[in-house]
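Remember, it's a predicted structure, so these values are computed and weren't measured experimentally. Atoms within a ligand are numbered from 1 in the order they appear, just like the ligands themselves.
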Amino acid sequence: MSLSKVKHIVLVLSGKGGVGKSSVTTQLALSLSLAGHSVGVLDVDLTGPSIPRMFAIEDAKVTQAPGGWLPITVHEADASAGIGSLRVMSLGFLLPRRGDAVVWRGPKKTAMVRQFLNDVFWEETDYLLIDTPPGTSDEHISLAETLLQKARPDQLAGAVVVTTPQAVATADVRKELNFCAKTGIRVLGVVENMCGFVCPNCSECTNIFMSGGGEVMANDFGVLFLGRVPIDPQFLVLIETGKRPRYPKGTSVNGQDISTPANAAHEDHEPRDSALLVRKYQDCSLAPIFAKITTDVISAVRQANVG
Ligand code: ADP
């Protein structure tokens, strides 16, 4: 079956929409690839698939092989640079108007999710990240059931739960953690996204909302806290325009100086940098934060397999 060459499956979950689940999936994928792993991303967020936009592959054509689909290659592995391959399959590719939310009824959605898990041909893949719809809906339960049935126990590593400082204050993320407990899906850790703001003008990272709630909640549930991720407008610029992130002198995020070296400043005038997304992402303030999160996710996956 299509998942047979996948080593580890990681679900990315959030209690509600708009907390940055797809952005976290994207950055986990880029960071895992930068760490030399082969990565697949499967987007089953029927509420509005945004993964194709994240990887700038909205116009990609999906090829159908006998009995299934071939994922889109974002980049091939580059052994000399220590970069692993990255392939993506999204439900968005199959919608007549890309980016539309699916309005099908429950059973059809469920069948589609099942088909997606069965009928996409993944080559040798170290990590398959699954971007799921927000919430604890029918799709989730169906996805969880299908995975529990189809995946080998050593394949289904667990879930990364994404939240924001505001969402922590609501019951959504707690519901998500309870959902994991009920369906028997291990929680690999919690990421608190949109914690602070990397100001493009004054080089400061400001906390807008109270931060730290995600960590307290993770401790309450006895799960790993993976880290805080600020809002970085340069990440959005990278995704929306393909421009390489640039920061004024003295910009510091989580105690690390990430200002752009003076000798790279002339590139500011280039409208679009044709380098691979994974290369440009290395210049983003969020890259070192995700490198650390990724290392922790990899150790959590290893521990899960041992335990
Ligand atoms: P979800 O998948 O939870 O609905 P998205 O990942 O699509 O949320 O995020 C919603 C919007 O916020 C997107 O435009 C995304 O690029 C942006 N975003 C999310 N996290 C960040 C961040 N840390 N910095 C900058 N923009 C972000």
Side-chain angles (χ1 to χ4, degrees), residues 10-31 41-58 88 90-92 98-102 129-137 139-140 143 159-168 170 172-173 175-176 179 190-201 203-209 211 214 226-247 251 253-254 256 258 277 280-281 283-294:
V10 174
L11 300 179
V12 185
L13 307 177
S14 71
K16 59 183 236 174
V19 300
K21 177 178 48 58
S22 301
S23 312
V24 168
T25 308
T26 302
Q27 295 184 81
L28 279 176
L30 294 172
S31 299
V41 176
L42 183 67
D43 175 19
V44 294
D45 187 348
L46 304 115
T47 61
S50 50
I51 287 292
R53 189 170 57 86
M54 293 279 168
F55 289 103
I57 49 170
E58 281 166 299
V88 173
S90 168
L91 195 88
R98 304 251 164 129
D100 278 1
V102 172
L129 306 179
I130 304 189
D131 191 3
T132 63
T136 46
S137 60
E139 283 107 75
H140 280 81
L143 186 68
V160 169
V161 176
V162 183
T163 187
T164 62
Q166 306 101 293
V168 168
T170 71
D172 295 299
V173 66
K175 259 194 227 158
E176 199 68 56
F179 166 84
V190 173
V191 174
E192 195 171 358
N193 189 36
M194 305 195 188
C195 230
F197 173 65
V198 184
C199 176
N201 301 316
S203 74
E204 262 190 38
C205 182
T206 318
N207 277 337
I208 304 171
F209 304 104
S211 72
L226 291 165
R228 290 182 190 91
V229 180
I231 298 173
D232 180 1
Q234 288 291 304
F235 172 70
L236 265 179
V237 169
L238 171 65
I239 296 299
E240 300 297 338
T241 69
K243 273 196 187 173
R244 205 178 268 272
R246 291 278 170 255
Y247 303 93
T251 309
V253 176
N254 288 5
Q256 195 170 345
I258 48 105
L277 173 66
K280 291 184 279 192
Y281 177 67
D283 287 354
C284 181
S285 77
L286 305 182
I289 297 173
F290 270 89
K292 161 88 175 51
I293 291 176
T294 298

| query | If we only count heavy atoms from C-beta on, is the Ile293 to Ser31 side-chain gap below 4.5 Å? | reply |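 When only atoms from C-beta onward are counted, Ser31 and Ile293 do not touch, as no gap falls below 4.5 Å.
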| request: Could you tell me whether the side chain of Phe55 reaches within less than 4.5 Å of the side chain of Val41, counting heavy atoms only? | output: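 SC-SC contact between Val41 and Phe55 confirmed.
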For [atom], what's the nearest protein heavy atom and its distance?
atom	result
atom 4 (O) of ligand 1	Gly18 N, 2.8 Å
atom 27 (C) of ligand 1	Phe235 CD2, 4.3 Å
atom 20 (N) of ligand 1	Asn193 ND2, 2.9 Å
atom 8 (O) of ligand 1	Gly20 N, 3.1 Å
atom 12 (O) of ligand 1	Met194 CE, 3.8 Å
atom 24 (N) of ligand 1	Asp232 N, 2.9 Å
atom 14 (O) of ligand 1	Leu236 CD2, 3.6 Å

In Å and rounded to the nearest 0.5 Å, what is the [atom1] to [atom2] distance from [X] to [Y]?
X	Y	atom1	atom2	result
Ile51	Ser90	CD1	OG	7.5 Å
Thr163	Lys21	OG1	NZ	13.0 Å
Lys16	Asp172	NZ	CG	6.0 Å
Ile130	Leu13	CD1	CG	10.0 Å
Ile231	Asn193	CD1	CG	7.5 Å

| field | Distance-only N or O hit between ligand 1 and Ser14, under 3.5 Å | value |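 No; every N/O pair is 3.5 Å or more apart.
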| query | Between Pro134 and ligand 1, which part of the residue brings a heavy atom under 4.0 Å of the ligand: side chain, backbone, both or neither? | reply |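 The answer is neither; Pro134 stays 4.0 Å or more away.
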| With a 4.0 Å heavy-atom cut-off (strictly under), which part of Val24 contacts ligand 1: side chain, backbone, both or neither? |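 The answer is neither; Val24 stays 4.0 Å or more away.
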| request: Pick, from Pro230, Ser23, Cys284, the option with the minimum heavy-atom distance to atom 19 (C) of ligand 1. | output: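 Ranked by closest heavy atom to atom 19 (C) of ligand 1, first place is Ser23.
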| query | To which of Lys16, Gln27, Lys21 does the heavy atom nearest atom 1 (P) of ligand 1 belong? | reply |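 Residue with the shortest heavy-atom distance to the ligand atom: Lys21.
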| field | Trace of the side chain to side chain donor-acceptor pair (under 3.5 Å) decision for Gln234 with Tyr247 | value | CA-CA 8 Å; Gln234 288 291 304; Tyr247 303 93; 5.4 Å; no
| field | Non-neighbouring partners of Ser50 that pass side-chain contact (heavy atoms from CB on, under 4.5 Å), sequence neighbours left out | value |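 If we apply the side-chain contact (heavy atoms from CB on, under 4.5 Å) test to Ser50, skipping adjacent residues, the hits are Ser22, Arg53.
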| task | Take atom 22 (C) of ligand 1 and look for protein heavy atoms under 4.0 Å from it; say yes if you find one, no if not. | result |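 Neighbour list for atom 22 (C) of ligand 1 includes protein heavy atoms (cut-off 4.0 Å).
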